[in-house]
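Each remark here refers to the structure printed beneath this line.
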Amino acid sequence: MSAAVKSYAAVDLGASSGRVMVGRVGPDTLELTEAHRFPNRPVRVPEGLRWDVLGLYAGVLEGLKAAGQVDSVGIDSWAVDYGLLDADGALLGNPVHYRDSRTEGVAEKVWATVPAEELYAATGLQYAPFNTLYQLTAARSSAQLSSAERLLLIPDLLTYWLTGEQGTELTNASTTQLIDPRARDWSYDVASRLGIDLSLFAPLRRPGDPAGVLRDAVLEETGLTGPVPVTAVGSHDTASAVAAVPAGRERFAYICTGTWSLAGLELDAPVLTEESRTANFTNELGLDGTVRYLRNIMGLWLLQECVRAWGDPDLGALLLEASKVEALRSVVDAGDAAFLAPGRMPERIAEACRTSGQPEPDSPAEVTRCILDSLALAHRKAIQDAQRLAGHPVDVVHVVGGGTRNALLCQLTADACGLPVVAGPTEAAALGNVLVQARAHGLAGDLAGMRRLLVRTQPLTRYEPRGGTERWRAAQDRLAGD
């Protein structure tokens with residue numbers, strides 16, 4: 001291998017699967033290969049829905065063994081969830097899944113102490129029932145939290161097991177609703193008023209900071225030769241994915257697609273207005289002082305749940321049939337929390353259509369088309385609202401993540417937004433993870449340089465909008481009840 005090219009392991013954990021990817025990075029090289037992929041299956045136990053974090057860690061170790069010798073390791077995952085450690089550093093039970101029901105009704109209790117508008121002005125985080133703040137409030141009287149000496153967000157927990165060192169990476173911490181996005185530090189006032197002990201959290205780390213080296217026991221299990229450094233990356237997978245948006249100097253919006261759709265803008269400062277709060281936009285932190293100003297949309301979770309209910313039919317054939325279904329016949333609100341829980345998704349979508357006076361989709365193809373039209377419509381609304389609220393117009397929409405494989409969704413998004421869509425890369429979170437590691441080790445340059453390397457090396461597909469946006473505007477009005 002050329003001395004100018006280095007190899008990095010990106011551990012990228014999603015809500016349904018985990019993977020260890022190996023990235024080779026040089027001045028004009030950015031290659032990504034999959035070393036190991038493993039399922040992420042939550043488990044329902046008597047006390048609720050839990051993550052199998054031990055299974056995930058085993059998958060990480062197997063992936064590092066399959067990856068072979070690398071120059072660094074970085075970990076990103078989904079946000080908000082955490083593990084609790086006792087005074088000896090041992091894990092106190094399996095981490096609670098964000099789809100667990102324990103936070104039902106908790107937000108209202110929080111708002112009684114810190115009103116919603118004050119909470120937003122202080123933290124800039126959108127309301128979501130599973131935000132870490134609400135999880136900690138729900139757990140306040142639990143034996144586990146009472147016994148805990150340390151709280152580690154999921155990627156920080158796995159990093160701790162790999163290295164023995166504890167830290168709290170900032171981009172993920174910004175999803176807890178306990179960070180001030182202006183100071184890029186803890187919101188001490190909010191935590192104090194709500195009785196949350198911030199000493200539970202390990203010291204903050206920034207993307208690119210060193211996070212330790214692999215322990216001797218990990219080296220022995222994986223067959224790697226030490227020292228192998230672990231580097232803090234944008235450990236919230238969306239932060240890594242946005243870092244891998246292949247944008248040039250154009251004014252752009254992005255949609256990170258997968259189980260969720262995260263649609264919004266990259267800004268230099270948060271938008272903390274009351275209008276932004278009522279529109280349910282969030283200000284999460286990104287690389288190099290940036291703010292990810294975005295809206296959470298339910299995403300391909302809707303289709304994933306339907307496909308599971310239908311017995312896992314061939315997705316390509318299903319999408320082909322969906323492309324032939326009448327456009328915008330029926331749409332649902334893809335951001336509705338009513339679709340958050342698993343189970344009976346086709347029936348729930350049909351019920352939502354019936355309740356709103358629209359035709360009920362009654363075949364898998366019709367349900368699929370309803371979902372994709374609804375997602376494109378939600379993408380349109382989010383990008384329109386973001387531009388208006390931030391005073392930040394855009395000329396192009398970048399779609400990254402798993403949804404780039406869905407050509408119908410990409411085209412419908414271009415049509416709905418009336419803007420060109422550039423789709424790719426698919427493995428954006430892993431690429432962003434790799435690039436932050438490479439930059440920390442003297443390669444890849446600044447954020448703009450990282451993006452230029454992506455443009456030069458990654459396959460991208462451009463979708464031009466077809467027709468006008470009048471029918472999308474009409475569907476948006478219909479969904480709003482206008």
Side-chain angles (χ1 to χ4, degrees), residues 1-13 18-37 59-77 155 158-159 162-163 165 167 169 171 205-216 218-235 237 239-246 286-288 400 424-459:
M1 181 183 296
S2 167
V5 176
K6 294 186 177 182
S7 183
Y8 303 97
V11 179
D12 178 30
L13 305 177
R19 60 212 134 260
V20 177
M21 311 290 285
V22 178
R24 295 179 67 249
V25 184
D28 285 295
T29 301
L30 179 56
E31 300 169 353
L32 196 66
T33 56
E34 182 179 300
H36 181 54
R37 185 176 291 259
V60 171
L61 293 175
E62 290 173 24
L64 292 178
K65 184 176 183 178
Q69 198 64 38
V70 292
D71 293 286
S72 171
V73 178
I75 302 178
D76 69 77
S77 84
L158 297 176
T159 296
L162 290 177
T163 67
E165 296 193 20
E169 193 280 315
T171 67
R205 291 173 174 151
R206 269 69 177 173
D209 285 352
V213 296
L214 295 183
R215 295 184 296 112
D216 289 344
V218 173
L219 294 173
E220 183 177 352
E221 186 159 355
T222 58
L224 301 178
T225 301
V228 177
V230 177
T231 304
V233 297
S235 73
D237 53 8
S240 280
V242 172
V245 169
L287 264 65
D288 299 352
V400 299
T426 301
E427 294 286 359
L431 284 167
N433 180 322
V434 163
L435 285 168
V436 169
Q437 293 184 69
R439 185 172 75 167
H441 294 87
L443 295 174
D446 60 8
L447 184 56
M450 289 163 54
R451 287 174 167 158
R452 286 193 295 270
L453 182 59
L454 286 157
V455 171
R456 292 198 303 270
T457 60
Q458 302 305 301

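Along the sequence shown, residues carry numbers from 1.
For residues 435-444, the pairs satisfying salt bridge (Lys or Arg N to Asp or Glu O under 4.0 Å) are Asp288-Arg439, with sequence neighbours left out. For residues 441-452, every residue pair satisfying the side-chain hydrogen bond (donor to acceptor under 3.5 Å, both in side chains) rule, not counting sequence neighbours, is listed here: Glu266-Arg451.
Shown here for Ala430 and Ala10, the closest heavy-atom pair between the two residues is O-CB, 3.7 Å. The shortest heavy-atom contact between Ala440 and Gly208 is CB-O, 3.6 Å. Of all the heavy atoms in Thr163 and Leu214, the pair that sits closest is CG2-N, 4.5 Å. Here the closest heavy-atom approach between residue Leu454 and residue Pro246 is recorded as CB-CB, 4.1 Å. Heavy atoms only, all atoms of each residue included: Ala67 and Val22 are closest at CB-CG2, 3.5 Å. Across every non-hydrogen atom of Val213 and Pro229, the tightest pair is CG1-CA, 4.0 Å.
Checked against salt bridge (charged side-chain N to carboxylate O under 4.0 Å, His left out), Asp28 has the following partners two or more places apart in sequence or in another chain: Arg456. Checked against side-chain contact (heavy atoms from CB on, under 4.5 Å), Glu34 has the following partners two or more places apart in sequence or in another chain: Met21, Arg37. For Ala232, the side-chain contact (heavy atoms from CB on, under 4.5 Å) partners two or more places apart in sequence, or in a different chain, are Glu169, Arg205, Asp209. Residues that satisfy the side-chain hydrogen bond (donor to acceptor under 3.5 Å, both in side chains) test with Glu31, not counting sequence neighbours, are Arg24. With sequence neighbours excluded, no residue satisfies side-chain hydrogen bond (donor to acceptor under 3.5 Å, both in side chains) with Ser240. Applying the side-chain hydrogen bond (donor to acceptor under 3.5 Å, both in side chains) criterion to Ser77, with sequence neighbours excluded, gives no partner residue. In this structure Ala239 satisfies the side-chain contact (heavy atoms from CB on, under 4.5 Å) test together with Thr171, His236, Arg292, sequence neighbours excluded. With sequence neighbours excluded, no residue forms a salt bridge (charged side-chain N to carboxylate O under 4.0 Å, His left out) with Asp76. Partners of Gln69 according to the side-chain hydrogen bond (donor to acceptor under 3.5 Å, both in side chains) rule, which considers only residues two or more places apart in sequence or in another chain, do not exist here. In terms of the side-chain contact (heavy atoms from CB on, under 4.5 Å) criterion, residue partners of Ala428 (sequence neighbours excluded) are, by chain and number, Ala241, Ala244, Val400, Pro425.
Just one residue in the list Val70, Val25, Leu443, Val434 forms a side chain to side chain contact (heavy atoms under 4.5 Å, CB included) with Lys6, and that residue is Leu443.
Between the side chain of Gln437 and the main chain of Ala9, a donor-acceptor pair closer than 3.5 Å is present. Checked by atom type and distance alone, the side chain of Asp71 pairs as donor or acceptor with a backbone atom of Ser7 at under 3.5 Å.
Here CE of Met450 is found 4.5 Å from CG of Leu435. Values are rounded to the nearest 0.5 Å. For the atom pair CG (Leu162) and CZ (Arg215), the distance works out to 7.5 Å, reported to the nearest 0.5 Å. Taken from CG in Asp237 to CG in Leu13, the straight-line distance is 8.5 Å, to the nearest 0.5 Å. For the atom pair Leu32 CG and Leu431 CG, the distance stands at 4.5 Å (nearest 0.5 Å).
Using a 4.5 Å cut-off on side-chain heavy atoms (C-beta onward), Thr222 and Val228 make no contact. Between Thr159 and Glu165 there is no side-chain heavy-atom pair separated by less than 4.5 Å. Counting heavy atoms from C-beta outward, Thr29 and Thr457 have side chains that stay 4.5 Å or more apart. When side chains are defined from C-beta on, Val60 does not count as touching Val73, because their heavy atoms never get closer than 4.5 Å.
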message: Run Leu219 and Thr225 through side chain to side chain contact (heavy atoms under 4.5 Å, CB included) and show every step you take.
response: CA-CA 6 Å; Leu219 294 173; Thr225 301; over 6 Å; no
